[in-house]
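Here the structure comes first, spelled out in structure tokens, and everything after it is commentary.
Naming convention: chains lettered A, B, ... in sequence-line order (proteins, then strands); numbering from 1 in each chain.
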Protein chains: 2
Amino acid sequence: MPTNKKKTQVTASPERRRELLATAAEVFAAQGYNATTVRRIADEAGLLAGSLYYHFDSKESMLDEILSTFLNELWEGYDAVLAAGLGPRETIEALVTESFREIDRHRAAVAIYQKESRHLAALSRFGYLTESQQKFEKAWLGTLERGVAAGAFRTDLDIRLTYRFVRDTVWVAASWYRPGGGHSPEEIARQYLSMVLDGIAVRE
Amino acid sequence: MPTNKKKTQVTASPERRRELLATAAEVFAAQGYNATTVRRIADEAGLLAGSLYYHFDSKESMLDEILSTFLNELWEGYDAVLAAGLGPRETIEALVTESFREIDRHRAAVAIYQKESRHLAALSRFGYLTESQQKFEKAWLGTLERGVAAGAFRTDLDIRLTYRFVRDTVWVAASWYRPGGGHSPEEIARQYLSMVLDGIAVRE
DNA sequence: TAACCTACCAAACACTTGTTAGGGAAGGAT
DNA sequence: ATCCTTCCCTAACAAGTGTTTGGTAGGTTA
């Protein structure tokens with residue numbers, strides 16, 4: 001026998017899995033996870049509800065795979081940035097740019113993450129969400145603190161407020177961003193960084 | 001007979017209604033509307049599921065009342081600001097401050113609004129959500145354009161991107177804000193405005 | 001040809017959901 | 001003492017939920 005697989009799904013082509021997960025992610029993002037029925041996903045994918053269980057253990061495991069795949073890719077990019085040894089301002093710029101690239105690639109997953117991660121974190125299966133969020137906070141807050149110490153960022157701001165500000169401004173973009181909509185991720189990142197770093201008011 | 005009331009709920013004290021709506025809003029905000037069962041709300045309020053239908057027509061009408069009450073109060077404040085004839089920068093400052101006050105007063109409703117408004121807007125019953133959103137965009141975008149024309153705001157930014165940026169930075173605060181948590185709404189508004197207007201970077 | 005594997009369907013299962021109907025206890029008004 | 005109003009409970013309903021079981025068409029392999 002080959003290497004032990006999951007219980008239900010004995011054999012399956014990875015391509016078909018990805019297809020189904022993509023449509024599932026789209027529906028989850030549009031309707032919300034709980035409001036989405038397994039039959040709706042099947043409809044959208046062109047098969048019947050029960051047939052999904054040939055590919056996946058459960059509705060929850062679909063969500064799990066969508067989110068963990070996204071987070072893994074995200075941290076690949078983040079870790080590369082954090083390991084590059086850049087200065088605080090350049091690190092922030094690189095993190096923001098990388099974030100918008102991830103939104104471009106995984107906008108459905110990001111939207112789901114934002115809507116559901118809070119109450120999903122309560123389930124032990126999704127414990128990695130809390131881990132990721134802590135690692136995230138450590139990276140961003142640490143960089144901001146480095147920047148304040150190095151004189152790159154203002155000292156008169158509450159640093160935790162600043163952190164939440166920067167974090168939120170980046171990720172809520174997933175709620176309105178549509179790929180191929182005039183602005184490239186890099187272009188959006190540039191404008192966002194310009195606003196966050198220098199403000200929208202005219203200098204005297 | 002007294003003035004005609006709704007179908008089911010013949011008589012009821014407005015105070016009790018508000019109590020129940022408050023706990024319902026809290027649960028909706030924490031778990032999401034669809035993930036919240038009517039039994040869970042009843043549990044939290046200390047009565048049984050069926051008893052809620054003495055006070056309300058349906059689960060949906062609870063949500064409706066929560067959101068419309070919030071939006072009515074919000075527009076009371078906004079309209080006052082917009083009618084004051086302030087300059088663009090002062091208008092933005094006043095709108096942001098007012099927004100944080102509303103988050104302070106209706107944080108549960110705001111959280112619900114953010115999570116659910118997108119797909120609720122599809123239902124004709126919640127058509128006022130779309131109306132409100134359009135009015136909202138008109139007010140903010142208009143003020144920003146006025147500011148650009150008057151030389152108060154930068155001209156090199158995409159104005160719609162700026163609008164979404166300012167809008168989102170304000171309202172996502174509802175996801176982490178907790179009343180009585182050190183910062184007053186006015187204090188948070190001051191810091192947010194400082195970041196949005198002048199940026200977080202140190203000036204040369 | 002026969003055996004096998006992949007990917008699906010058809011039909012049902014147990015359970016949860018929002019909602020309703022009828023009743024009753026407490027208390028004020030008559 | 002009787003009635004009425006307010007507020008809740010008990011008990012059930014029908015529809016919709018995620019999931020399972022057994023079967024099967026069509027291609028690949030032996």
Exercise for the section: Take B:R18 and B:E15 through the salt bridge (Lys or Arg N to Asp or Glu O under 4.0 Å) test and state the conclusion after the steps. Expected result: CA-CA 5 Å; B:R18 269 193 295 272; B:E15 307 134 40; 5.8 Å; no
Practice task
Send over the distance from B:R17 CZ to D:dC7 C1', rounded to a whole Å.
Solution key: 14 Å
Exercise for the section: Find the distance A:Y54:OH to D:dT19:P and express it as a whole number of Å. Expected result: 18 Å
Problem - Aromatic ring pairing B:F165/A:Y192, orientation class (parallel under 30°, perpendicular over 60°, tilted between) - result: perpendicular
Exercise for the section: Could you tell me whether B:L48 contacts a base, only the sugar-phosphate backbone, or nothing, with contacts defined as non-hydrogen atoms closer than 4.0 Å? Expected result: base
Exercise for the section: Using distance alone, with no hydrogens and no angle criterion, decide if B:R154 and A:S194 have a side-chain donor and acceptor under 3.5 Å apart. Expected result: yes
Exercise for the section: Name all residues meeting the salt bridge (charged side-chain N to carboxylate O under 4.0 Å, His left out) criterion together with A:E60; count only those two or more places apart in sequence or in a different chain, and write none if there are none. Expected result: A:R125
Handout entry: Below 4.0 Å: OP1/OP2 of D:dC7 and any side-chain N or O of B:S51
Key = no
Fill in the blank from the handout: A:D43 CG to C:dC8 C1', in whole Å, measures 15 Å
In a table with atom names and distances, give each donor-acceptor pair under 3.5 Å that connects a side chain of residues 84-91 of chain A to protein atoms at least two apart or in another chain.
{"residue": "A:R89", "atom": "NE", "partner": "A:E93", "partner atom": "OE2", "Å": "3.3"}
{"residue": "A:T91", "atom": "OG1", "partner": "A:L86", "partner atom": "O", "Å": "3.3"}
{"residue": "A:T91", "atom": "OG1", "partner": "A:G87", "partner atom": "O", "Å": "2.7"}
{"residue": "A:T91", "atom": "OG1", "partner": "A:R146", "partner atom": "NH2", "Å": "3.4"}

Problem - Nucleotide C:dT20, atom C1' - distance to CG of B:L52 in whole Å - result: 14 Å
Exercise for the section: Flag the pair A:E186 and A:R190 as a salt bridge only when some basic side-chain nitrogen lies within less than 4.0 angstrom of an acidic carboxylate oxygen. Expected result: no
Strictly under 3.5 Å: I want the nitrogen or oxygen pairs between protein and nucleotides 16-19 of chain C, one per line.
{"residue": "C:dG18", "atom": "OP1", "partner": "B:T36", "partner atom": "O", "Å": "3.2"}
{"residue": "C:dG18", "atom": "OP1", "partner": "B:K59", "partner atom": "NZ", "Å": "2.9"}
{"residue": "C:dG18", "atom": "OP2", "partner": "B:V38", "partner atom": "N", "Å": "2.9"}
{"residue": "C:dG18", "atom": "N7", "partner": "B:R39", "partner atom": "NH1", "Å": "2.9"}
{"residue": "C:dG18", "atom": "O6", "partner": "B:R39", "partner atom": "NH2", "Å": "3.0"}
{"residue": "C:dT19", "atom": "OP2", "partner": "B:Y53", "partner atom": "OH", "Å": "2.4"}
{"residue": "C:dT19", "atom": "OP2", "partner": "B:K59", "partner atom": "N", "Å": "2.7"}
{"residue": "C:dT19", "atom": "O5'", "partner": "B:Y53", "partner atom": "OH", "Å": "3.3"}

Completion exercise
Applied to residues 24-36 of chain B, the salt bridge (charged side-chain N to carboxylate O under 4.0 Å, His left out) test, sequence neighbours excluded, yields B:E26-B:R107
Exercise for the section: Decide, yes or no, whether a salt bridge links A:D158 with A:R164 under the criterion of side-chain N to carboxylate O below 4.0 Å. Expected result: no
Hey, what are the protein-to-nucleotides 22-29 of chain C N/O distances that come in under 3.5 Å?
none

Exercise for the section: Return no unless some side-chain N or O of A:H55 is found under 4.0 Å from OP1 or OP2 of C:dC8. Expected result: yes
Practice task
Name all pairs fulfilling the ring pair (Phe, Tyr, Trp, His ring centres under 6.0 Å) condition that reach into residues 113-132 of chain A, sequence neighbours left out, sorted by first residue then second.
Solution key: none
Exercise for the section: Rounded off to whole Å, could you give me the CG-to-P distance for the B:L47 and D:dC8 pair? Expected result: 6 Å
